[in-house]
Amino acid sequence: MDLKIKYFGLLAEITLCNEEVLEFSETTISEVLEVLHNKYPSLRDKDFQVAQDLEIVSKDSIVSATEIALLPPFSGG
Amino acid sequence: MDLKIKYFGLLAEITLCNEEVLEFSETTISEVLEVLHNKYPSLRDKDFQVAQDLEIVSKDSIVSATEIALLPPFSGG
Amino acid sequence: MKNRKIKNVFREGAIASQFIGDSIAKHQSKTTIGAHSIFLGQVRADELEGKTVSAIEYTAHEEMANIKFHEIRETTFEKFNLSCMHIYHSLGLVKTGEICLFVFVSSPRRKEVFKALEFVVEEIKAKVPVFGKEIFEDSSHQWKVNS
Amino acid sequence: MKNRKIKNVFREGAIASQFIGDSIAKHQSKTTIGAHSIFLGQVRADELEGKTVSAIEYTAHEEMANIKFHEIRETTFEKFNLSCMHIYHSLGLVKTGEICLFVFVSSPRRKEVFKALEFVVEEIKAKVPVFGKEIFEDSSHQWKVNS
């Protein structure tokens, strides 16, 4: 399954891209993250949340969207 | 002793003046007010505070300034 | 009360929105400020027995009021970590929809400005001898009472 | 989420003081309003290891952020008796001393605006995916963390 991954802020500096489409056979967010951690080892010690369908989801959620976003700590305002 | 009395807001509508100088032999604020109540009976049922030397004082204070102010409820802002 | 001078807080008539914008602009050179908070009092077209307020005419015991504003300013600087504070109040006629009170507080940090702003406004309402006469469209009037 | 439309809260670059003044002016025809409260976030020239911040560059998950701003707006209208509310946030480069966040709430009564203003600002800080990159004078940078 193709999944678009969006990276923001500090995370986009690590991945050197704002988004990418990768093929996954994994079914949970944490399994997807494990793949991304292997691709980008520096991601592992970073603090971030995951949004699916524009809502923050827990890491044991099932992947149900075609796009997820990795969001570092918010610092608006 | 000459004492200048200043009236504000609603009170100046009752006294028909913003200030006046009156001669008093009274020694406390409440005694002064009694004289004013007699001069302006409508003052009696009005809610107001008295300032002496630009500070609110209690009605049993001794008159120590040459000017007092009668202040109706504040409604700034 | 410290070494700050007693300022004249009063302005004749309404406080213009342009004046507020200009006040904000003046703070952009103060680069230790991280947060501003502003309160604006605006004259409402309240209705009473079928009549509508068209303006408020403000009078004050000006000398005493400026001292009270000064004391409020000093107390607020003692209680909160503020970079600066400005207060302007109208005297004379302010029409409905126009602004009669402008309070402006600034701090390095946001938590301070919320508390300071509310404190200043409540202190003004409670302690400053300003009197508002609500004038109706038919020129009758009543004296405003703060709630 | 009720019938209000999702607005675009973002503005490219700093929010001008003139824009804020104009926003205030637009509310003078709303004569049921008695109190406005405004929060402005301003970029501080913070120092870190001898280097000084010269600007913050803001990015956001814009689609998600606008939905979050919308939800905050709806929740705030439910919790407080407000006449209107406006939120603007910068994207891109905002230099020190410039304004990056403008929150504007209005109500018939003052008590509401203080609580509503603080609520909105804290909700924005906590829930909206906006990211600030603090850029130092030597072009190095660090990612801002809200406190």
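Note that this is a predicted model, so its numbers are computed, not measured.
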Pairwise side-chain contact, D:Glu122 with C:Arg110, heavy-atom cut-off 4.5 Å (strictly under)
yes
Looking at C:Val103, C:Val121, C:Val43, which makes the most heavy-atom pairs under 4.5 Å with chain D?
C:Val121
OG1 of D:Thr96 to CD1 of C:Ile33: how many Å apart, nearest 0.5 Å?
12.0 Å
Under 4.5 Å from a heavy atom of chain D, the part of C:Lys115 involved:
neither
Which atoms of D:Lys125 come close to chain C, meaning under 4.5 Å heavy atom to heavy atom: side chain ones, backbone ones, both, or neither?
side chain
Any non-hydrogen side-chain atom of C:Ile38 less than 4.5 Å from a side-chain atom of D:Ser37?
no
Only heavy atoms, only distances under 4.5 angstrom. Which residues in residues 128-143 of chain D are near chain C?
none
Per-residue contact mode, D:Lys95 against chain C (heavy atom under 4.5 angstrom)
neither
For D:Glu63, I'd like to know if atom CD has over 12 heavy atoms of other residues, nucleotides or ligands within 6.0 Å.
no
Could you please state which residues from residues 19-32 of chain C sit under 4.5 angstrom from chain D, measuring non-hydrogen atom to non-hydrogen atom, sorted by number, or 'none'?
C:Ile20, C:Gly21, C:Ile24, C:Ala25, C:His27, C:Gln28, C:Lys30, C:Thr31, C:Thr32
Solution key, residues 8-17 of chain D side-chain donor-acceptor pairs under 3.5 Å, sequence neighbours excluded:
| unit_1 | atom_1 | unit_2 | atom_2 | d |
| --- | --- | --- | --- | --- |
| D:Asn8 | OD1 | D:Phe10 | N | 3.1 |
| D:Asn8 | OD1 | D:Asn66 | ND2 | 3.2 |
| D:Arg11 | NH1 | D:Asn8 | O | 3.2 |

Part of D:Leu101 within contact of chain C (heavy atom distance under 4.5 Å):
neither
Max heavy-atom pair count under 4.5 Å with chain C, selected residue of D:Glu98, D:Arg109, D:Gln18
D:Arg109
Can you say whether D:Phe114 sits under 4.5 Å from chain C via the side chain, the backbone, both, or neither, judging by heavy atoms?
side chain
May I ask you to name which of D:Gly41, D:Pro108, D:Cys100 has the most heavy-atom pairs under 4.5 Å with chain C?
D:Pro108
Checking heavy atoms, do the side chain of D:Val113, its backbone, both or neither come under 4.5 Å from chain C?
side chain
Anything in residues 44-58 of chain C with a heavy-atom distance to chain D below 4.5 Å? Please list those residues in order.
C:Arg44, C:Ala45
